[in-house]
Amino acid sequence: MLKDPDFSIFNSILDNDFYKFTMQCAVVKLFPRVKARYKFINRGTHKFPEGFGQVLRTAVDQMAQLQLTKSEKQFLKENCQYLNPAYVDFLEGYRYDPSEVTISQTGENLEVYISGYWYRTILWEVPILALISELFYKLTGQKRWSDEKITANTLEKIKLYNELGVTFAEFGTRRRHSYRTHREVMHTLSSYKGQSFIGSSNVHMAMLYNVKPIGTHAHEWFMFHAAEYGFKMANAMSLEHWVDVYRGDLGVALSDTYTTEVFFKQFDTKFAKLFDGVRHDSGDPIEFAEKTIEHYKNHGINPLYKYIIFSDGLNPEKVASITRACKGKIGLSFGIGTNLTNDVGLKPMNIVIKLTDVLTSDNEWLPTVKLSDEPGKHTGDKKMIALAKELLRIA
């Protein structure tokens, strides 16, 4: 158990999801002139206390002081060799620009917008969500479980996952209870990991606890490509450009930006063979696994040579259920987020930040949308959602 109670909220520029850096590297290389806008979405209709916006503003402003240290740069060079040297040098010179973030509060309603060059603004999403989550618990006076109980709770999960014989990574930065809790959980996971715990999506935590940083790309990568190249070309162009940058490394494809059914129509034999696997992030996980197995078989590929990373709202019960249904049929791994970093006796927040618009190559702002496998999770401009559904023939 950790003894130091005074960890600050952010003290490393690497305290962010790995896929933000891998996407930033690709954007710097391929789309340096693209501009982007993001918006905070309060899905859980949380009521923010008076003065919350001002406290958040101060915390965001302080992030301008963060910069890549020599030891962090060396960690990236040694552990992430697919990040090209020019990008790592760029990251060393990168500084957060708080003027890209607009924050306002009216009563209990909080609004946050991010705008600027995509290669710069892409890093804001995860740390701002983590800030909102941590500050919310602090400013509303909610008390979490003790360190001892959190450690015991985490140990129970490790034991179960080892008994199931599955591997999992920690994916919980954006809606963590706090940086302090995140460290407590990571300390426990790395100390008692057995064969199951294999890494973290948080690069700072991966470095601190000597585990693998894990991640490839997010929905925004596909959402941009839809705005730039059209909905029918979005999946194929996204995957082509990813291969152009990483040449076979970082080979897990996200499947549900415009529904899994549409994705598999373009995930042809070339992509199915080249990518190591796919990530599930919405809809019924077992149905998804069945579709994925069938897709690989239809392309003459043994599913046991591929794998699925499940990452949608997982807890021990869901992991056990998926494992029972899928083990021995296809490779399995799990990315577990909030259930690790915010299972502390309080209600986790339901908050996201989504890409809303991009300035495309023809100098026109276009809205971006996401059509999840769960219709309730569709996000973006209503007219553009309707257009995408019509073009992609989604009911």
Side-chain angles (χ1 to χ4, degrees), residues 2 4-25 27-28 32 35-38 40 51-77 79-80 83 86-105 110-139 172-184 186 200-209 213 215 341 351 353:
L2 298 170
D4 181 0
D6 297 319
F7 291 118
S8 61
I9 295 179
F10 276 93
N11 54 23
S12 170
I13 200 168
L14 295 185
D15 190 3
N16 205 329
D17 277 345
F18 186 45
Y19 67 23
K20 284 295 181 175
F21 298 107
T22 58
M23 287 191 298
Q24 186 184 48
C25 177
V27 173
V28 167
K35 292 185 177 181
R37 294 172 180 158
Y38 298 80
F40 169 68
F52 186 93
Q54 290 180 311
V55 176
L56 178 62
R57 176 79 264 171
T58 298
V60 166
D61 289 345
Q62 290 175 347
M63 290 183 64
Q65 302 172 28
L66 297 175
Q67 62 187 86
L68 193 72
T69 66
K70 295 298 182 183
S71 60
E72 289 172 337
K73 184 177 183 181
Q74 189 62 30
F75 174 82
L76 294 177
K77 284 184 174 180
N79 295 276
C80 312
L83 297 176
Y87 168 70
V88 177
D89 283 347
F90 160 83
L91 188 60
E92 186 177 29
Y94 176 92
R95 302 292 183 274
Y96 281 107
D97 180 358
S99 70
E100 295 166 346
V101 182
T102 302
I103 301 169
S104 62
Q105 182 175 358
L110 178 71
E111 294 188 351
V112 181
Y113 297 92
I114 304 162
S115 182
Y117 281 105
W118 191 23
Y119 75 85
R120 292 194 46 80
T121 55
I122 198 168
L123 291 190
W124 278 115
E125 174 194 349
V126 175
I128 288 180
L129 287 171
L131 280 171
I132 290 172
S133 184
E134 177 156 358
L135 292 172
F136 182 79
Y137 294 116
K138 285 185 176 181
L139 297 181
T173 303
R174 66 188 59 223
R175 286 181 286 269
R176 66 191 181 191
H177 170 269
S178 61
Y179 177 83
R180 180 68 178 75
T181 301
H182 200 166
R183 288 285 302 267
E184 188 72 42
M186 281 297 299
S200 173
S201 66
N202 185 298
V203 188
H204 172 59
M205 297 294 173
M207 179 178 170
L208 287 177
Y209 295 98
T341 60
I351 52 176
I353 289 176

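From a predicted model like this one, the values you see are computed outputs, not experimental measurements.
- Nearest approach of Thr121 to Ala36, heavy atoms of both residues: OG1-CB, 4.1 Å.
- A distance below 6.0 Å separates the ring centres of Tyr94 and Tyr96.
- Pairing each heavy atom of Arg176 with each of His182, the nearest pair is NH1-ND1, 3.0 Å.
- Checking Asp97 against Ser99 by side-chain atom types alone, a donor-acceptor pair falls below 3.5 Å.
- Residues Tyr38 and Ile122 share a closest heavy-atom pair of OH-CA, 3.5 Å.
- By the side-chain contact (heavy atoms from CB on, under 4.5 Å) test, Arg37 pairs with Ser115, Thr356, Asp357, Trp365, sequence neighbours left out.
- By the side-chain hydrogen bond (donor to acceptor under 3.5 Å, both in side chains) test, Gln62 is found to be paired with no residue, residues two or more places apart in sequence or in another chain being considered.
- Atoms CG and CD1, on Leu110 and Ile103 in that order, are 7.5 Å from each other to the nearest 0.5 Å.
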Can I get a per-line list of side-chain donor-acceptor pairs under 3.5 Å for residues 51-60, giving both atom names and the distance, sequence neighbours left out?
| residue | atom | partner | partner atom | Å |
| --- | --- | --- | --- | --- |
| Arg57 | NE | Asp61 | OD1 | 3.2 |
| Arg57 | NH1 | Val101 | O | 2.7 |
| Arg57 | NH2 | Asp61 | OD1 | 3.0 |
| Arg57 | NH2 | Pro98 | O | 3.0 |
| Thr58 | OG1 | Gln54 | O | 3.2 |

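- One N or O on the side chain of Asn16 and one on the backbone of Leu123 form a donor-acceptor pair closer than 3.5 Å.
- Every side-chain hydrogen bond (donor to acceptor under 3.5 Å, both in side chains) that His177 has, sequence neighbours left out, goes to Thr181.
- Shown here are the side-chain hydrogen bond (donor to acceptor under 3.5 Å, both in side chains) partners of Asp89, two or more places apart in sequence or in another chain: Lys73.
- Residues Val88 and Leu83 approach most closely at CG2-O, 3.9 Å, considering heavy atoms.
- Partner of Tyr179 under the side-chain hydrogen bond (donor to acceptor under 3.5 Å, both in side chains) criterion, chosen from Glu184, His204, Glu134: His204.
- Remark: Arg120 pairs with Glu100 by the side-chain hydrogen bond (donor to acceptor under 3.5 Å, both in side chains) rule, at least two apart or across chains.
- Ionic pairing of Arg174 and Glu125 is present here: one or more N-O contacts between side-chain nitrogen and carboxylate oxygen are shorter than 4.0 angstrom.
- Between the side chain of Arg175 and the backbone N or O of Leu129, no donor-acceptor pair lies under 3.5 Å.
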